[in-house]
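Written out below as structure tokens is the structure these notes cover.
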Amino acid sequence: MHICVIGTGYVGLVTGTCFSEFGNDVICVDIDEGKIADLNKGKIPIFEPGLDLLVAKNVKEGRLTFSTDLKNAVERSLVIFVAVGTPPNEDGSADLQHVEAVARQVAESMNGYKVIVNKSTVPVGTGNRVREIVEESRKDNHSFAVVSNPEFLREGSAVEDFMRPNRVVIGAESSESVAIMKELYSPLYLIETPIVITNLESAELIKYAANAFLATKISFINEVANFCDEIGANVHHVAKGMGLDKRIGSKFLHPGPGFGGSCFPKDTRALAGAGRERGFEFSIIDAVVRVNDRQRQTMIAKIRTTIGSLRGKTIGVLGLSFKPNTDDMREAPSVDIIKALLQDGATINAFDPVAAENARQIMPDINYCKDTYETADGADALVFITEWNQFRSLDLERIKSLMKQPVIVDLRNIYDPAKMADCGFKYASVGRPVSATVR
Amino acid sequence: MKISVVGTGYVGLVAGTCFADTGNEVTCVDIDEKKVNSLKKGNIPIYEPGLSDMVRRNVKGERLLFSTDIKSAVEESQIIFIAVGTPPDEDGSADLKHVLAVARSIGTHMNGFKVVVNKSTVPVGTAEKVEAEIKKHTDHKFAVVSNPEFLKEGAAIDDFLRPDRVVIGVDNEEAADIMRSLYRPFVLSGKPILLMDRRSAELTKYAANSLLATKISFINDIANLCDILGADVEMVRKGIGTDSRIGSSFIYPGTGYGGSCFPKDVQALIRTANDHDYSLEIIRAVEEVNKRQKTVLVDKILDYFDGNIEGKTFAMWGLAFKPKTDDMREAPAIDMINSLTAKGAKLRAHDPEALSEAHRIFGDRVGSELELLDKRYDALEGADALIVMTEWNAFREPDFYLIKESLKTKVIFDGRNLYDPGRLKKLDIDYFSIGRPNGNGHVKPRF
């Protein structure tokens with residue numbers, strides 16, 4: 001099938017590349033000429049495991065091209081994916097100007113029946129809005145269909161998530177467009193992927209509801225962890241006891257400094273906002289957002305309590321991205337935490353395997369180290385903020401000998417408290433007693 | 001092993017019987033002589049599938065005894081389970097007076113090393129309190145263990161025999177070994193026994209129930225949002241439930257959770273946290289949403305009848321807080337009945353198991369505002385509308401023509417989303433459910 005994907009951000013690039021891998025002819029379109037020139041040279045602007053190889057392969061085999069010419073791309077395609085950004089407005093609602101502009105341009109370029117698919121995470125009602133715009137602006141009254149097909153990609157495993165999804169959600173209004181979408185996803189039938197077919201509004205809501213629920217699990221376990229700190233219980237035991245209940249499941253029950261990234265913060269606020277606009281108070285999501293904001297403050301307080309006065313101290317920070325295997329710094333807890341430490345008068349030496357470049361743009365005032373040991377060198381304390389695999393089995397003796405004082409605050413519970421105590425570290429983590437040991 | 005279980009309520013009876021079934025010698029103790037006598041005669045005071053057969057079998061095999069004599073039960077047992085009630089105080093905290101009274105008796109009658117196990121759902125820190133209470137009355141060695149139950153009413157036997165996991169909070173090696181061997185027969189399939197500190201074990205029970213309550217309140221909030229946005233919560237439920245990190249369990253919208261566990265445990269956890277100056281925001285929101293959810297269907301009924309239901313009669317199917325139980329504690333049906341009668345309506349209610357419980361709860365009001373009927377279709381006689389409150393299997397595929405013929409106004413209010421809106425529309429029955437586009441049938445893609 002001939003398709004195009006408008007927007008070469010994270011979602012657009014993964015979607016376009018994976019569809020070309022399925023054998024479709026795909027044009028990825030962006031207005032940013034520099035970006036398209038880079039992509040044509042094989043430069044991938046984001047870090048996503050496996051993506052660069054897949055792009056190179058499909059470009060070489062002639063199924064994947066990059067272009068700034070939206071009109072030509074629309075003319076040549078049956079299915080047009082809209083995958084442009086929907087940055088949050090100041091009030092947390094999604095800014096739809098890019099989506100609307102693309103809808104207008106697509107309408108003006110139509111030369112026959114088209115399926116226009118919203119892949120961007122857009123508020124409920126956007127599909128209808130896109131339909132109105134296309135109806136107003138289309139040429140020659142060509143017929144078309146609007147589809148909502150939300151993405152469920154996790155940064156760091158997006159290619160795998162696209163190729164082996166838990167499910168595909170298609171919100172549509174005509175049997176013709178459903179048939180075309182099913183055809184496009186037919187390679188997934190082999191692995192028996194469930195396809196949920198529903199109306200536009202429900203499909204749009206599914207994306208927000210899924211992310212909001214996962215965010216709820218995170219905030220829930222963070223509250224339980226903080227409470228464990230109060231009463232001397234161990235959140236890992238509690239989470240394990242809960243997670244073995246099949247109705248709960250063990251996923252997303254890891255305590256930490258709170259969720260970040262480009263999805264959960266934005267989507268939770270947008271969902272609460274969508275309700276509020278219509279006079280509906282989404283109490284649980286409001287609480288989830290509040291708890292997540294509070295969690296960062298709780299972590300800052302934990303660092304202060306463990307280290308004492310921060311004035312003149314050198315703090316080594318390990319991990320900056322909002323989670324491992326990504327260079328994404330959007331709403332990363334590290335940003336708020338480091339800001340508070342700087343305000344307290346600390347000097348920050350930081351290391352992240354991938355996100356340092358992005359971090360430098362947001363936080364130019366801290367020192368970036370080349371590895372973990374350089375970060376530990378001369379530090380009064382080390383703070384783990386992101387659980388990159390390479391932090392999991394460090395040479396603790398060497399770290400201790402490099403540090404000015406053996407103090408570690410582990411916001412991802414990477415290490416065993418009892419073992420750290422044995423090694424002679426003053427060690428604090430989230431929701432576990434100082435003496436706790438992993439059974 | 002010789003075991004006694006103090007308290008023959010729901011949890012005590014199931015635990016005692018299941019331990020007897022794996023070959024232990026179990027004495028179930030209760031201070032209520034009448035209850036013990038009737039248990040000896042084989043009368044089981046609660047409705048739980050499979051329980052009475054299992055009791056009979058083990059009584060016959062002389063592995064299961066009932067007694068009021070706590071002294072000899074303690075003296076003869078190596079393990080003593082405390083499974084008495086912890087009713088909520090007015091402020092929502094669990095009342096420990098029964099638990100501590102049993103601890104006192106155990107301490108008084110102790111004649112050697114005993115493992116004392118808290119099976120009741122008790123707040124964090126109770127194991128220490130029980131330990132202190134026993135210590136006041138004995139010099140013998142003992143260990144207090146926290147071993148929360150995870151039984152679902154209606155499936156309790158299966159849950160006990162085939163648990164997802166066994167949680168044991170213990171700080172004594174000897175007691176840990178004894179507990180492990182006691183539970184070994186139940187985890188031969190490889191399900192884990194989790195050993196942990198006692199406080200974590202106590203918290204695990206509350207946290208698990210609170211997360212399940214969170215799932216219910218979350219989907220109820222989504223359902224209400226669906227009503228506003230014109231989306232269909234049944235599709236949203238499928239869309240999110242297929243995410244393996246979320247799972248499809250416990251995301252069924254309805255009229256709010258009830259029963260003897262969720263409301264009590266959620267309140268108790270909020271209260272325990274408050275006692276430690278910690279505010280659990282999400283769980284507080286969960287409780288607030290649940291209160292609100294109990295009025296959602298009432299509002300739909302009032303809307304339909306333009307706010308005036310004075311003199312109307314409603315047929316109600318389902319009283320128990322969920323199917324396969326006669327339990328009506330905190331059942332949404334109670335709130336529904338109270339809301340409708342307060343506005344001058346009458347009810348004709350049917351439930352396959354909970355009628356005698358309803359008689360007890362509503363007392364004199366039965367016969368005036370409320371009729372309780374043995375047969376589901378009898379409830380429809382002379383009724384203006386039908387309300388479905390519990391998803392008993394018998395309500396899932398009714399004779400809609402008979403319903404339509406019987407009702408004065410052809411309308412069904414369904415708190416459990418049992419029926420297909422498209423089908424009822426074809427039958428010309430007005431239909432209102434939770435989070436699905438109302439009245440005008442199922443919103444389906446316009447094919």
Side-chain angles (χ1 to χ4, degrees), chain A residues 124-125 152 166-167 169 171-175 178 194 196-199 201-206 209-210 212-214 216-217 219-220 223-224 226-228 230-234 237-238 240-242 244-249 251-252 274-275 278 280 282-288 290-291 294 439, chain B residues 124-125 150 164-165 167 191-192 194-197 199-205 207-208 210-212 214-215 217-218 221-222 224-226 228-232 235-236 238-240 242-247 249-250 273 276-278 280-286 288-289 292 443-447:
Chain A
V124 179
F152 299 98
N166 285 151
R167 81 305 209 185
V169 173
E173 302 182 300
S174 71
S175 50
V178 169
V196 178
I197 294 171
T198 181
N199 62 359
E201 288 86 353
S202 302
E204 287 164 343
L205 185 55
I206 283 169
F213 184 73
L214 294 173
T216 303
K217 274 184 112 169
S219 275
F220 183 97
E223 284 208 288
V224 170
N226 298 341
F227 184 48
C228 282
E230 296 290 328
I231 62 174
N234 184 332
H237 293 318
V238 176
K240 187 143 195 217
M242 290 168 66
L244 283 165
D245 184 329
K246 289 186 282 260
R247 303 163 301 173
I248 295 173
K251 307 270 179 67
F252 275 69
R278 295 160 173 90
F280 177 70
F282 205 137
S283 310
I284 293 177
I285 297 306
D286 282 341
V288 166
R290 222 162 44 233
V291 168
R294 190 174 72 177
R439 287 208 203 216
Chain B
V124 177
F150 297 100
D164 284 338
R165 79 306 204 186
V167 170
K191 290 292 163 60
L194 303 178
L195 293 177
M196 58 182 77
D197 64 280
R199 292 188 157 220
S200 298
E202 288 165 338
L203 182 55
T204 296
K205 171 64 195 254
S210 294
L211 185 70
L212 292 173
T214 303
K215 283 185 103 168
S217 276
F218 181 90
D221 249 356
I222 292 282
N224 298 334
L225 192 58
C226 283
I228 295 169
L229 297 173
D232 179 350
M235 297 314 293
V236 177
K238 284 193 184 115
I240 71 173
T242 39
D243 186 325
S244 60
R245 301 164 299 173
I246 297 173
S249 308
F250 267 72
H276 288 85
D277 291 325
Y278 191 72
L280 291 165
E281 300 282 323
I282 293 172
I283 299 171
R284 285 162 58 129
V286 165
E288 185 190 309
V289 168
R292 198 168 64 190
V443 168
K444 273 201 177 129
R446 289 196 286 274
F447 290 166

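Note that the structure is predicted; figures quoted are calculated from it, not measured. Letters go in sequence order (proteins before strands), and every chain restarts at 1.
Under a 3.5 Å cut-off, the side chain of B:Ser200 and the backbone N or O of A:Asn234 do form a donor-acceptor pair. Judged purely by atom type and a 3.5 angstrom limit, A:Arg167 uses its side chain to pair as donor or acceptor with the backbone of B:Gly239. Checking side-chain atoms of A:Glu223 against main-chain N and O of B:Glu281 turns up a donor-acceptor pair under 3.5 Å. In terms of modelled atom types and a separation under 3.5 Å, the side chain of B:Lys191 and the main chain of A:Leu244 share no donor-acceptor contact. Looking at A:Ser202, its side chain does come within 3.5 Å of a backbone N or O of B:Asp232 through a donor-acceptor pair.
Counting heavy-atom pairs closer than 4.5 Å to chain A, the top-ranked of the candidates B:Glu288, B:Arg199, B:Arg245 is B:Arg245. Top candidate by heavy-atom pairs under 4.5 Å with chain A, chosen from B:Ser210, B:Gly247, B:Ala207, is B:Ala207. Counting heavy-atom pairs closer than 4.5 Å to chain A, the top residue among B:Val167, B:Leu212, B:Val286, B:Val124 is B:Leu212. Taking chain B as the reference chain and counting heavy-atom pairs below 4.5 Å, the highest number among A:Ile285, A:Asn226, A:Val224 is found for A:Asn226. When the candidates A:Gly249, A:Gly125, A:Ala209 are compared by the number of heavy-atom contacts under 4.5 Å with chain B, A:Ala209 comes out ahead. Listed options B:Ile246, B:Ile228, B:Ile222 were ranked by heavy-atom pairs under 4.5 angstrom with chain A; first place goes to B:Ile246.
Separation of atoms CD1 (B:Ile240) and CZ (A:Phe152) is listed at 9.5 Å; rounding is to 0.5 Å. Atom NZ in A:Lys246 sits 10.0 Å away from atom CZ in B:Arg165 (nearest 0.5 Å). Rounding to the nearest 0.5 angstrom, the gap separating the OG atom in A:Ser219 from the CG atom in B:Leu280 is 12.0 Å. The CE atom of B:Met235 lies 6.5 Å from the CD1 atom of A:Ile206; values are rounded to the nearest 0.5 Å. Between A:Asp286 atom CG and B:Ile282 atom CD1 the span is 11.5 Å, to the nearest 0.5 Å.
Across every non-hydrogen atom of A:Glu201 and B:Gly230, the tightest pair is CB-O, 4.1 Å.
For A:Val124, the part lying under 4.5 angstrom from a heavy atom of chain B is the side chain only. A:Arg290 touches chain B through its side chain: at least one heavy atom from C-beta onward sits under 4.5 Å away, while N, CA, C and O do not. For chain B, no part of A:Ala203 is nearby; none of its heavy atoms comes within less than 4.5 Å. Contact of A:Phe282 with chain B is made through backbone and side chain together, with heavy-atom distances under 4.5 Å. B:Phe218 touches chain A through backbone and side chain together, each having a heavy atom under 4.5 Å away. Heavy atoms closer than 4.5 Å to chain A are found in the side chain of B:Val289, but not in its backbone. The contact between B:Leu194 and chain A is made entirely by side chain atoms (from C-beta outward), counting heavy-atom distances below 4.5 Å. Only the side chain of B:Arg292 comes within less than 4.5 Å of a heavy atom of chain A; its backbone N, CA, C and O stay farther away.
Residues A:His237 and B:Asp197 meet the side-chain proximity criterion, which asks for heavy atoms closer than 4.5 Å. Residues B:Leu225 and A:Leu205 are in side-chain contact: their nearest non-hydrogen atoms beyond the backbone lie under 4.5 Å apart.
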- Under the side chain to side chain contact (heavy atoms under 4.5 Å, CB included) criterion, do B:Ser244 and A:Lys251 qualify, and how do the steps go? CA-CA 8 Å; B:Ser244 60; A:Lys251 307 270 179 67; 3.9 Å; yes
- Item | B:Phe250 vs A:Ile248, side chain to side chain contact (heavy atoms under 4.5 Å, CB included): CA-CA, chis, key distance, verdict | CA-CA 9 Å; B:Phe250 267 72; A:Ile248 295 173; over 6 Å; no
- Query: Hey, mind stepping through A:Asp245 and B:Leu211 against side chain to side chain contact (heavy atoms under 4.5 Å, CB included) and telling me if it holds?
  - Reply: CA-CA 11 Å; A:Asp245 184 329; B:Leu211 185 70; over 6 Å; no
- Run the numbers on B:Leu203 and A:Ile231 for side chain to side chain contact (heavy atoms under 4.5 Å, CB included), then give the verdict. CA-CA 10 Å; B:Leu203 182 55; A:Ile231 62 174; 4.1 Å; yes
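Classified by interplanar angle (parallel below 30°, tilted 30° to 60°, perpendicular above 60°), the ring pair A:Phe227/B:Tyr278 is parallel.
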